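Working notes for the structure below.
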Amino acid sequence: MKITNKYELPETLLNLYHKQRREYAQTKGKADMSVTQLIRSPRIDLLTSAHYHEMTDDVADRLWAILGTVIHRIMEEGADEEHIAEENLFAKVKGWTIKGGTDVKKLGNRVGIIDYKFTKAFKYEKGEFLDWEEQLNLYAYLLRVSQGVYVDFLQVVMFVRDFTPALAKTRKGYPPASAVPVDIKLWTEAEQKAFLLKKIDEHQEARRAHEWGEPLPLCTERDRWKHPGAWIVMKKGGKRASRVFGSDDAGKASAAEWLDDQAKKGDYEVQKRDTPPTRCVGNYCGVNQWCDQWAKDKVNWPEANNEGT
């Protein structure tokens, strides 16, 4: 990948980025896949591998990832006998070596895995932590099979990079501080293993398809950050929804029921408002220009014309 420096940031940031990439490659070693690769879309992973040397990113856009690695190193200074920092874990599963890395392994009466994340307040407000749940449960699995250590709890410490103290006092559900611990659901051992096997199967099958020149598996709506949309009531010829309801059949029924109660219901109609796949439109996967799934879909979203892909 080519790293640019459009905003002429200090060369030390570029040096640090490249050093971190070298260190990551060394720690991954001969592993077939890391946990972070495993939980993402096989299509994105394969397109990234195939076009990595053609991809371009700017160091400014990588800043929080760079700082995230730095904060991990700072946390090593706070390690003690019960808080083991920065461990790499490996396990052989279905012929593949899977690699994971814990930020902190907490020992003592209750054993846990603690992970540090730079994120935005919106993530806390939404309360959608399934990606972290998958990641940390796979770390727990690797820890158990590689070290015989059984985990009692999982936790993410969120560093809220856009934290605003005034909003913490006035907005419901807003993070209460700039650093907030969040408990993550711990799966059963059987659930962890089943999920790991499922993801390995998906990636192995995708690699076989790629090698044989077959179509890659499609990204799911979750992979594409696509919201399910909503049923709305619109005035005919209008541009703004008069009422917004849920995305499922119940939402459709509620919209129709609301419309039936209106005196001038002939002037309005029920419509399904769809939403674009945010990850594709913004090229947050980094590979939309090589993705045939997106090539077929982008005509439905005028926003894509502004992305230059």
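Every heavy atom of this structure was used, including side-chain atoms; hydrogens, water molecules and symmetry mates were not. Nothing fancy with the numbering, it's 1 onward along the sequence. This is a predicted model, so every value here is computed, not measured.
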Approximate separation, where rounding is to 0.5 Å, of Gln192 CD and Arg144 CZ: 5.0 Å
Residue pair Lys117 / Gln135, side-chain donor-acceptor N/O under 3.5 Å: yes
Is the OH atom of Tyr52 crowded by more than 12 outside heavy atoms at less than 6.0 Å? yes
Tell me, please, which residues at least two apart from Thr188 pass side-chain contact (heavy atoms from CB on, under 4.5 Å). Ala190, Glu191
Table please: side-chain donor-acceptor pairs of residues 125-133 below 3.5 Å, with sequence neighbours left out.
from	atom 1	to	atom 2	distance (Å)
Glu125	OE1	Arg171	NH1	3.3
Glu125	OE2	Arg171	NH1	3.2
Lys126	NZ	Glu128	OE1	3.2
Asp131	OD1	Lys123	NZ	3.0
Asp131	OD2	Lys123	NZ	3.1
Glu133	OE2	Trp187	NE1	2.6

Ignoring hydrogens, what is the shortest heavy-atom contact between Ala60 and Tyr7? Give both atom names and the distance. CB-CD1, 3.7 Å
How far apart are the C-alpha atoms of Phe245 and Trp231, what are their side-chain angles, what is the distance that settles it, and do they pass the ring pair (Phe, Tyr, Trp, His ring centres under 6.0 Å) test? CA-CA 5 Å; Phe245 299 88; Trp231 287 99; over 10 Å; no
Rounded to the nearest 0.5 Å, how far apart are OH of Tyr174 and OG1 of Thr164? 4.0 Å
Atom pair CG (Leu142) and CG (Leu138), whose distance is rounded to the nearest 0.5 Å: 6.5 Å
Show the numbers, then the answer: is there a side-chain contact (heavy atoms from CB on, under 4.5 Å) between Asp80 and His83? CA-CA 5 Å; Asp80 55 34; His83 296 81; 2.9 Å; yes
If you apply the rule side-chain contact (heavy atoms from CB on, under 4.5 Å), what do you find for Ile3 with His18, and how did you get there? CA-CA 9 Å; Ile3 299 298; His18 290 301; 4.2 Å; yes
Step by step, work out the side-chain contact (heavy atoms from CB on, under 4.5 Å) result for Leu38 and His203. CA-CA 7 Å; Leu38 199 63; His203 282 272; 3.9 Å; yes
Return the CD to CG distance between Glu86 and Asp103, rounded to the nearest 0.5 Å. 5.5 Å
From Asn300, Val281, Asp297, residue fulfilling side chain to side chain contact (heavy atoms under 4.5 Å, CB included) relative to Pro276: Val281
Closest non-hydrogen atom pair, Leu89 against Ser146: CD2-OG, 3.9 Å
Salt bridge or not for Lys99 and Asp32, using N-O below 4.0 Å? no
Kindly indicate, with the supporting measurements, whether the criterion side-chain contact (heavy atoms from CB on, under 4.5 Å) is fulfilled by Phe163 and Tyr124. CA-CA 11 Å; Phe163 177 73; Tyr124 184 91; over 6 Å; no
For the residue pair Cys285 and Ile44, what are the closest heavy atoms and their distance? CB-CD1, 3.8 Å
Membership question, hydrophobic clusters at under 4.5 Å side-chain separation (ILVMFWY): are Val180 and Phe118 in the same one? no
Is there a donor-acceptor contact under 3.5 Å linking the side chains of Asp223 and Thr220? yes
Applying a strict under-4.5 Å side-chain criterion to I, L, V, M, F, W and Y, I'd like to know whether Val160 and Leu167 cluster together. yes
Is a salt bridge present between Asp274 and Lys226, judged by a nitrogen-to-oxygen distance below 4.0 Å? yes
Let me know which of Lys198, Arg40, Arg222, Lys185 forms a salt bridge (charged side-chain N to carboxylate O under 4.0 Å, His left out) with Glu134. Arg222
Got more than 12 heavy atoms from elsewhere within 6.0 Å of OH, Tyr284? no
Whether Arg208 and Glu211 form a salt bridge (side-chain N of Lys/Arg under 4.0 Å from carboxylate O of Asp/Glu) is what I want to check. no
So with a 6.0 Å cut-off around CG of Asn109, is the heavy-atom count from everything else above 12? no
Which pair of heavy atoms, one from Trp290 and one from Leu47, lies closest together, and at what distance? O-CD2, 3.8 Å
List the atom of Met55, the atom of Gly286, and the distance in Å for their closest heavy-atom pair. CE-O, 3.6 Å
Taking the basic N atoms (NZ, or NE/NH1/NH2) and the acidic carboxylate oxygens, is any pair closer than 4.0 Å for Arg224 and Glu221? no
Show me, pair by pair, the donor-acceptor contacts under 3.5 angstrom made by side chains of residues 147-157, not counting sequence neighbours?
from	atom 1	to	atom 2	distance (Å)
Gln147	OE1	Lys105	NZ	2.8
Asp152	OD2	Val111	N	2.9

How close do Asp162 and Thr119 get, counting heavy atoms only, and between which atoms? OD1-O, 4.4 Å
More than 12 foreign heavy atoms under 6.0 Å from NZ of Lys106: is that the case here? yes
What is the distance from atom CH2 of Trp64 to atom NZ of Lys120, rounded to the nearest 0.5 Å? 9.5 Å
